Amino acid sequence: MRFIEKGCEPDSFLQWKELADDDWQPSYNDLRNPQKQDVFDALIRDQRGLCCYCESILKENDYHLEHLNPQSAGDGDALDFANFLCSCLRKTEKDDPLHCGQKKGNEVLLVTPLQSDCQSHFTFTGDGSIEGNCDEANSTIKILGLDIPKLKMLREGVLDAFNDPELTLEDFKVFLEKYVEKKDLMKPYISAVECVYVDFL
C-alpha cells in the first residue's frame with residue numbers, strides 16, 4: 001500500500017450530481033457510464049494504474065469502485081469522490097481467495113492509502129511476505145487479505161526477477177532504478193521492491 005494523492009473529480013461526474021432537484025436525488029446505484037467510466041479513469045490515473053491496496057496492475061474489466069468509508073456507514077459518502085478508490089478483483093470464481101476491496105466489505109481500515117505515511121506501516125521480505133509495523137497495520141493486512149498465499153506468490157515472483165545470477169551489479173541497479181520510477185503507470189508491487197532493495201536505492 002502506498003500513498004494516493006487524489007486529483008479532482010471528473011467534470012462529468014460533478015455535473016451529473018448537480019442535476020439533483022426536488023424530483024430526483026443522485027444515488028450510487030444510479031451511477032452509469034459515461035460518468036462512471038470517467039470516475040474510473042480518474043482513479044486509475046491517480047493510482048498510477050495499480051490497485052489501491054495490493055498494488056497489482058488494474059486490468060481492464062477486472063476492477064471495481066471501492067468506498068474507503070463503507071456505504072453502510074450512512075454518512076453521505078456514497079457519491080463523494082474523495083471517498084472513492086479503485087480496487088482489483090471485480091470478477092471472482094468459487095473458492096477464489098478474496099482480497100482487497102472484495103474482502104474488506106464493510107470493515108473500516110486503520111491504515112489507508114490516503115494517509116501520506118501509509119507505506120511506512122508495512123515491511124516486505126524477499127519471499128513476498130508482508131508484515132505490519134504496528135497493530136493498526138496488522139489489522140489492515142488481515143481485513144484486506146494482503147498476506148494470502150496468492151499475493152505473497154505474486155510479490156515473490158517480482159522480487160525474484162532481481163535475483164537473476166546473470167545480472168551484474170550495475171545491471172541490477174539499472175533494472176531496479178527503472179522498476180521504481182514514478183511514471184504515469186507504476187510497476188506492480190513497487191512498495192515490496194522498494195522495501196526489500198532499499199539499500200540499493
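Keep in mind it's a predicted model, so treat the numbers as computed, not measured. Numbers here simply count residues along the sequence, with the first being 1.
For CG of Asp184, the number of neighbouring non-hydrogen atoms (other residues, nucleotides, ligands) closer than 6.0 Å is 12 at most. More than 12 heavy atoms of other residues, nucleotides or ligands lie within 6.0 Å of CZ in Arg45, so this atom counts as buried by the packing criterion. Lys182 NZ: more than 12 foreign heavy atoms inside a 6.0 Å radius. No more than 12 heavy atoms of other residues, nucleotides or ligands shown are found within 6.0 angstrom of CG on Asp11.
Atom-to-atom distance recorded for Cys86:SG and Ile4:CD1 is 9.5 Å, nearest 0.5 angstrom. Of the inter-residue distances, the one linking Gln35 atom CD with Ser12 atom OG reads 5.5 Å to the nearest 0.5 angstrom. Atom CE of Met1 and atom CG of Leu109 lie 6.0 Å apart (nearest 0.5 Å).
A side-chain N or O of Asp41 and one of Gln37 form a donor-acceptor pair less than 3.5 Å apart.
Between His67 and Tyr28, the distance from one ring center to the other falls under 6.0 angstrom. Aromatic pair Phe162/Tyr179: ring centres closer than 6.0 Å. Tyr189 has its ring centre no less than 6.0 Å from the ring centre of Phe124.
The side-chain heavy atoms of Val196 and Thr125, taken from C-beta on, include no pair separated by under 4.5 Å. Contact check for Glu156 versus Asp127: side-chain heavy atoms found under the 4.5 Å cut-off. Contact of the Phe13 side chain with the Leu79 side chain is registered, since non-hydrogen atoms from C-beta on lie closer than 4.5 Å. No side-chain heavy atom of Cys88 sits under 4.5 Å from any side-chain heavy atom of Asp62. Under the 4.5 Å side-chain criterion, counting only non-hydrogen atoms from C-beta, Thr140 is in contact with Phe122. Inter-residue side-chain proximity for Glu9 and Val39 is flagged as unmet; no heavy-atom pair is nearer than 4.5 Å. Using a 4.5 Å heavy-atom threshold, the side chains of Pro188 and Ser56 count as separate. At least one side-chain heavy atom of Leu43 sits under 4.5 Å from a side-chain heavy atom of Lys6.
In terms of heavy-atom proximity, Lys150 sits nearest to Leu89 at NZ-CD1, 4.0 Å. The two residues Gln115 and Leu110 come nearest to each other via the heavy atoms NE2-O, 3.6 Å. Shortest non-hydrogen contact noted between Cys100 and Leu146 is SG-CD2, 4.3 Å. Shown here for Cys51 and Cys54, the closest heavy-atom pair between the two residues is SG-N, 3.7 Å.
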(request) Step by step, work out the salt bridge (Lys or Arg N to Asp or Glu O under 4.0 Å) result for Lys104 and Glu66. (result) CA-CA 10 Å; Lys104 172 179 167 284; Glu66 165 77 354; 3.3 Å; yes
(message) Before you tell me yes or no, could you show the steps for Val193 and Leu176 under side chain to side chain contact (heavy atoms under 4.5 Å, CB included), namely the whole-Å CA-CA distance, both residues' side-chain angles and the distance that decides it to 0.1 Å?
(response) CA-CA 8 Å; Val193 172; Leu176 181 60; 3.5 Å; yes
(request) Could you check Asp117 against Phe3 for side chain to side chain contact (heavy atoms under 4.5 Å, CB included), going step by step and ending with a plain yes or no? (result) CA-CA 7 Å; Asp117 67 341; Phe3 175 54; over 6 Å; no
(message) Using the rule given for salt bridge (Lys or Arg N to Asp or Glu O under 4.0 Å), can you reason through Glu55 versus Arg155, listing the C-alpha separation, both sets of side-chain angles and the distance that settles it, and then say yes or no?
(response) CA-CA 10 Å; Glu55 299 180 21; Arg155 290 189 295 259; over 6 Å; no
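Using a 4.0 Å cut-off between a side-chain N of Lys or Arg and a carboxylate O of Asp or Glu, Arg2 and Glu194 qualify as a salt bridge.
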